Amino acid sequence: MKKTTMQIDERTADPVAQEVLQKTNDAGIETAHTRHLEQGTRCPFGEKGVCCRICDMGPCRISLRETGAKRGVCGATAETIAARQLIRQVAAGVAAHSDHGHDIVKTLKLAAKGEAQGYSIKDPQRLLALAREWGVKTENRKVEELALEMADLALGQFNQQEGEIRYPALRAPEATVQNWRKLGLIPVGVEHEIVETLHRTHEGVDADYVNLIMHGLRTSMGDGWAGAMLATDFSDILFGSPQPVRSQVNLGVLRTDAVNIVVHGHEPTLSEMVVAASRDPELLKFAKEKGAAGILVGGICCTANEILMRQGAPVVGNFLHQELALATGAVDVMLVDVQCIMPALVEHAEKFHTKVITTSKKARIPGAQHIAFDEEHAYDIAKQIVRTAIENYPNRRVVDIPAGKTDLVAGFTVQNTFRHLGGRYRATFRPLNDGIISGRLRGVAAVIGCNTVLKTQDDSHIKMVRELIANDVLVVMTGCAATACAKVGLLQPEAAAKWAGAGLREICEAVGLPPVLHLGSCVDNSRILVALCEMIKEGGLGDKLSDLPIAGAAPEAMCEKAIAIGFYCVASGAYVNYSPAMRVLGSPVLTKFLTADIEQLVGGKFNFEDDPVKAARLMMAHMDKKRAALKLRPLMYAKSFLSEEVAAAAADAGAPAPTRSEGPVSGIKRGCGGHATAVAGVPHGGACADCAQ
Ligand code: SF4
Ligand code: MSK
C-alpha cells in the first residue's frame with residue numbers, strides 16, 4: 001500500500017495514537033483510517049437511510065431530486081424504509097448484548113454444576129441479593145443449588161413466550177412501568193421481540209413508521225432491561241463485583257521486557273482465565289526461560305473494561321487502537337472473542353510477529369489461529385494461549401512502544417457508589433439527590449459508546465465530558481468512551497480539582513469520587529439504568545425516570561449495539577444525543593418523530609448534534625428543563641442553559657428562576673479531601689467523620 005495523504009491530528013486526538021499512526025502511515029501500512037479514505041464519498045442513499053434491500057425487487061432508493069422516485073417498487077415510503085432498517089439495527093444490537101448475557105448465565109450454570117474448569121461463584125452475596133429480589137427461596141440452600149435455579153430462571157428470560165421480562169417491574173419506578181405497560185413497551189422475552197422485528201420488517205409487513213419504531217423501543221428494552229442487565233448481574237456473581245481500582249491506560253502500558261497478551265472483544269469469560277493463567281508459577285517460569293521478565297495481560301474494547309473493573313488489568317486502548325497496538329511490534333498474542341474485532345487484524349498482524357487467536361465458534365477470521373474455547377476446559381485453554389504467547393516472545397522484530405500511558409480509577413457499580421456516596425454506615429444515594437436538589441449539581445450525564453473513523457478519535461468524548469463537568473454535571477461512562485476520557489486523566493480523582501465546576505468539585509471532594517465514574521463495559525450500561533431507579537427511590541426528583549435531570553450521549557457511535565442502547569435509554573425516558581446521526585435523515589418525518597414527537601410518549605427523545613460542546617449544552621438545557629419542572633433550586637455556581645422562553649414558562653409555573661445564585665444554600669458537609677485517594681484503596685489519614693469510620 002502506498003503512503004496515504006492523511007491529516008493525522010484529524011484522525012485521532014490522542015497524541016500516543018498520533019505517534020503510532022504517523023509511523024504506520026509513513027511505512028505504508030494499512031489501517032482503518034487509510035481504508036476509510038479509500039472508500040471515498042459514500043452512497044448518499046445508504047447514508048441517509050433511504051436505500052432498501054429488503055426484497056429482491058430492490059435495491060430501491062428514494063430519490064426525490066435525481067429520479068423523482070418517492071417510493072420503492074412495493075410502495076414503501078422513505079419513512080417506512082428508514083424505520084425498517086433502523087429497527088433491524090436495533091435488533092442486531094440487542095442480539096449481540098443478549099447473546100453475551102446468555103453465555104454468561106450458561107457459564108454460571110456450568111460453574112454451579114462443577115463443570116466449568118477454573119470458575120467459581122465469586123460473589124455469593126450478590127447471588128443471594130438477586131435471588132431475594134426475584135422472590136426465590138434462599139434459606140437453607142447451598143450457593144450452587146441457588147445458582148442453578150437462578151441460572152434457569154435467567155435463561156428463561158431470553159426465550160419466554162408470555163408475560164413480561166422480570167426486571168422492569170422489579171427495578172423501575174411504578175409510574176414508568178405503568179407508562180411502558182400503557183404503550184406495550186415491556187418485552188415478552190428477549191428473543192420474542194427480535195424475531196418479531198425480523199418478521200415486521202420483512203417485505204410487505206409493517207409499513208407504519210410509528211408502529212415500527214415503537215416495536216424497536218420494545219425490542220431494545222430486551223437489551224437494557226434483560227440481556228445486558230443479566231450479563232452485568234451474572235458477571236458480578238460469577239467473577240466478583242468490581243471495586244474501585246487503580247490502573248493505567250494507553251499503548252504505553254505494553255512492556256518491552258514482558259510477554260504481552262492483548263485480549264480484545266467483549267466477554268469476560270476466557271479473559272478472566274487468561275489473567276489467572278498469566279499468574280501461574282509454571283508459566284511465569286517458562287516466560288523467564290524465554291527471556292521475559294513477566295507476562296502482561298491488557299485489553300482493548302470492552303474485554304479490557306471487564307478485566308479492568310475486576311482485576312485492575314491495564315487498558316491498551318479503545319476501538320481504534322486495535323491495529324495500532326499490533327504496530328508497536330510488542331504484542332505476542334492478540335486474543336479475540338466477539339464484537340468490534342476488525343477482520344483486517346490478521347493481515348495487519350502478518351507485518352509484525354503477532355499471532356491473532358480467535359476463540360469463539362461464532363467469530364472466526366480467515367487466517368487466524370483458532371483455539372476453540374469451552375468452559376469445561378477453560379483454564380487449560382487459557383494456559384495453552386499464554387504458552388503460545390510466551391513461545392512467540394523471542395520472535396519479536398522491531399519493537400517500538402510509545403511512552404504514553406495515564407493513571408485512572410475504575411470499578412464503580414451501583415452498589416459501591418452507594419457506599420462512597422453515603423459513607424460506610426449510610427449506604428445511600430441521598431448525597432447525590434441532595435446535591436442535585438440544592439443546585440450544587442446540575443444533573444447526571446451518561447456518555448458512552450465507541451470510536452468511529454467518521455470523527456476524530458476520542459475528540460468528541462473528551463470535549464463533551466469536559467464541558468459537562470465544568471458545568472457541574474456528574475458524568476458516568478462505559479465502553480470505549482470511558483477509555484477515551486481515561487487517556488486524558490478525566491477518570492482520576494484529581495480531575496475534579498482540575499476540570500470540574502465548583503459544585504461538582506465540592507461533591508467529589510466530600511465523598512471521594514472522581515467527577516467521571518467508569519461503570520464498566522457496554523453491557524454495564526444497565527448499571528446506569530439501575531442507578532437512575534435508585535435516584536427516584538431516594539426521593540425528591542420526581543416519580544418517573546423521565547422526571548430526572550439526566551441525559552445520555554454516544555458522541556462517537558459506530559455499531560448497532562450503540563443504536564440499541566440509545567433506543568432503550570430513550571424508551572426509559574432519557575434525552576440522548578447520538579452522533580454521527582442514525583441513518584434516518586433521508587426521512588424528515590421519521591427524523592422529527594425520533595427527535596421530537598416521541599418525547600410525548602416515553603419522555604425521552606434523540607438529538608443528532610455532531611458538535612460535542614453544542615451537544616453537551618443541549619443536554620444541559622434538557623436537564624435545566626427537568627430541574628425547572630421539578631421546581632428545584634437555582635444552580636449554585638454554573639450558569640443555566642435553559643432557553644429564555646422555557647425559563648419564563650417555568651417561572652410562570654412557580655419554579656424559581658434558573659439563574660446563577662450567589663453561593664451555597666445548604667448542603668453536604670465537605671469531607672477531608674483525602675477521600676479521593678481512599679477511593680483507590682490508598683490510606684489517606686483523613687480527619688472527616690467518614691474517614692474516622
Ligand atoms: Fe424495494 Fe419494497 Fe423490496 Fe424494499 S421491500 S427492496 S422498497 S420493493
Ligand atoms: S467495545 S461496542 S466499540 S464502545 Fe464495547 Fe467500544 Fe463500541 Fe465496541
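Keep in mind it's a predicted model, so treat the numbers as computed, not measured. Just so you know, ligand 1 is whichever comes first in the structure, and atom 1 is the first atom listed for that ligand.
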Restricting to non-hydrogen atoms, name the atom on [X] and the atom on [Y] that form the minimum distance, rounded to 0.1 Å.
X	Y	value
R88	T201	NE-OG1, 2.8 Å
L238	I104	CD2-O, 4.3 Å
T478	S521	CB-O, 3.4 Å

> Excluding waters, how many protein N/O/S atoms sit closer than 2.8 Å to atom 2 (Fe) of ligand 1?
Replying inline: 1
> Under a 4.5 Å cut-off applied to non-hydrogen side-chain atoms, are Y575 and N607 in contact?
Replying inline: yes
> Which N, O or S atoms belonging to the protein are less than 2.8 Å from atom 6 (Fe) of ligand 2?
Replying inline: C480 SG
>> Among the N/O/S atoms of H266, which is closest to atom 5 (Fe) of ligand 2? Give the atom name.
In response: NE2
>> Need the ligand 1 atom indices (1-based, order shown) with element for anything under 4.0 Å from a heavy-atom of R84.
In response: 5 (S)
> For Q457, which of R11, Q18, E556, H321 qualifies under side chain to side chain donor-acceptor pair (under 3.5 Å)?
Replying inline: H321
Backbone N/O of [Y] and side chain of [X]: donor-acceptor pair under 3.5 Å:
X	Y	value
N260	A330	yes
Q322	F319	yes
N525	C522	yes
S63	G68	no

> For H370, does the NE2 atom have more than 12 heavy-atom neighbours from other residues, nucleotides or ligands under 6.0 Å away?
Replying inline: yes
> Against heavy atoms of K561, which atoms of ligand 2 measure under 4.0 Å?
Replying inline: 2 (S), 8 (Fe)
>> Please determine whether a side-chain nitrogen of the Lys or Arg among K455 and D459 lies less than 4.0 Å from a carboxylate oxygen of the Asp or Glu.
In response: no
